[in-house]
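To start, the structure itself, in structure tokens.
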There are 2 protein chains.
Amino acid sequence: MCRMARPRKPLLSRERIVGTASALVDADGLDAVSTRRLAAELGVSGPSLYNHFRNKDEILDAVADAVSAKVDLSMFDESDPRDWRTALHDWAVSYRAALTAHPNVVPVLARGPGRRPAGLKVADAVFGAMVRAGWPAAQATHIGALMRYFITGSALGSFAGGFVDDETAYDPSDYPHLGQAHLLAERQEKIDEGAFETGLRALLDGLAAQYEEGTRAKRAKTPPADGS
Amino acid sequence: MCRMARPRKPLLSRERIVGTASALVDADGLDAVSTRRLAAELGVSGPSLYNHFRNKDEILDAVADAVSAKVDLSMFDESDPRDWRTALHDWAVSYRAALTAHPNVVPVLARGPGRRPAGLKVADAVFGAMVRAGWPAAQATHIGALMRYFITGSALGSFAGGFVDDETAYDPSDYPHLGQAHLLAERQEKIDEGAFETGLRALLDGLAAQYEEGTRAKRAKTPPADGS
DNA sequence: ACCTGAACACCGTTCAAGT
DNA sequence: ACCTGAACACCGTTCAAGT
């Protein structure tokens, strides 16, 4: 029975803001998220958001990190029996799936992990697993980087979707080999998936060859003599 | 000596607009290009731009296409003696150099060629050369796509630059393998170049292996029997 | 602590008006 | 044909004020 006003439950929380912002990005794209519209969606006025985030970029970072958090990393556990190549493959597939489920967020993610905790956890896990598998630290760093290049590139620049679904856009005298390019748009997902699989396999094949070279050199302790 | 006003020389042209916009993007980033600021830089009022471009996106597309136009495609000429693997390698290096010279433009380019003529010329050249080298059309499409994934991904998400140059950002209990991560920022270019080279080599090694498989299968006309 | 309205300095784009 | 000022419907962010 006191007359002092108890603090009412806050209208907002970081979680609620991130959840609504994510839905907005997924539905209408990155540009659709203005602080004013997001606030309206949450039933508050624009400036209220600044009680929970320093600025709009921090909100989008949190949205992006929620996507990173969905990437499966269990294949990099020490207890997991998968070899590094299989682990890398399965991780890449899981990573790409997380990104293609939220394509509008990819431009934010592609900027790098920055200070985003889930993004850093991903980088940490793959680096640690590659070192444990026998890769030198410098190579392990390169692998983390180049896999990210390929995966985010594939999620961002949906190759086929980047073409226009309009036959007249590709004059044969200008582009002699693009006669079927307008068909790319409709077969988009299949082509992007095929290109991703082809590229991933090539990447892993090539890395396996480099790994073999490395272990052979280590076994020999000296550069191999010529002949058998 | 006539009193009728001759049409004075127009203040603007598409070329002048694109040139100034490119300089603005390179110097201050994509967000620094507002129609009003661009117009001020050109000595005109904002709406004047709409006499030459339908909207701001068209201006940025033209800026991006100017970068694509700098990618060397001579290695794909029919008269060029380079084999497909060497051509693909040299093209990738030239492509990446064009992008890293204008990193702020990459997000626009990464969206795909769309209707941008220079972007389409690139896609046309690589596809045509791969088909001529003996790749099946579907595989040639995949190669164009996956190379673009890797190259734009590497130019966009400068891996090392994505980390923060701040030791305290990487708590060892959270990220046991990132103890040196704050050093990444300063060694950025070297790491990104190393990762690009490692990845490109792996990609080409892997593709060469798939190419071998393909030609072997073709020679045999039937799936190869076991044994030698 | 958390939310508000008012305000500031911006946006992209349209359009009638000028030459 | 090409440029202008005015206008419309927006932005992100700050800040004093309220509870």
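In what follows, every heavy atom counts, from backbone to side chain, and hydrogens, waters and symmetry copies are set aside. Chain letters run A, B, ... following the sequence lines, proteins first, then strands; residues in each count from 1.
- For the segment residues 16-34 of chain A, the set of residues with a heavy atom within less than 4.0 Å of an atom of DNA chain D comprises A:Val33, A:Ser34, in numerical order.
- Distance, B:Arg36 CZ to C:dC11 P: 7 Å, rounded to whole Å.
- Listed in residue order, the members of residues 42-53 of chain B having a heavy atom less than 4.0 Å from DNA chain C are B:Pro47, B:Tyr50.
- The side-chain hydrogen bond (donor to acceptor under 3.5 Å, both in side chains) test applied to A:Thr100 returns no partner, not counting sequence neighbours.
- Rounded to a whole angstrom, the distance from the P atom of C:dA9 to that of D:dA9 is 22 Å.
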Quiz: residues 28-41 of chain B side-chain donor-acceptor pairs under 3.5 angstrom, not counting sequence neighbours:
unit_1: B:Asp28; atom_1: OD2; unit_2: B:Arg37; atom_2: NH2; d: 2.8
unit_1: B:Ser34; atom_1: OG; unit_2: B:Arg37; atom_2: N; d: 3.0

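- Counting only residues at least two apart or on different chains, the ring pair (Phe, Tyr, Trp, His ring centres under 6.0 Å) pairs with a member in residues 95-114 of chain A are A:Trp91-A:Tyr95.
- Of the residues listed (B:Arg115, B:Arg116, B:Lys70, B:Arg111), the one engaging B:Asp65 in a salt bridge (charged side-chain N to carboxylate O under 4.0 Å, His left out) is B:Arg116, and it is the only one.
- Shown here are the salt bridge (charged side-chain N to carboxylate O under 4.0 Å, His left out) partners of B:Asp80, two or more places apart in sequence or in another chain: B:Arg82.
- For B:Asp77, there are no side-chain hydrogen bond (donor to acceptor under 3.5 Å, both in side chains) partners, not counting sequence neighbours.
- Applying the salt bridge (charged side-chain N to carboxylate O under 4.0 Å, His left out) criterion to A:Glu197, with sequence neighbours excluded, gives no partner residue.
- By the side-chain hydrogen bond (donor to acceptor under 3.5 Å, both in side chains) test, B:Asp72 pairs with B:Ser74, sequence neighbours left out.
- Judged as a salt bridge (charged side-chain N to carboxylate O under 4.0 Å, His left out), and not counting sequence neighbours, B:Arg96 has no contacts.
- With pairs defined as Watson-Crick or G-U wobble and both atom distances under 3.5 Å, the stems of at least three pairs that touch DNA chain C come out as C:4-8 with D:12-16, C:12-16 with D:4-8.
- Take A:Asp171 and apply the side-chain hydrogen bond (donor to acceptor under 3.5 Å, both in side chains) test, not counting sequence neighbours, and it matches A:Ser173.
- We find that CZ of B:Arg54 is positioned 18 Å from C1' of C:dC15, with the value rounded to whole Å.
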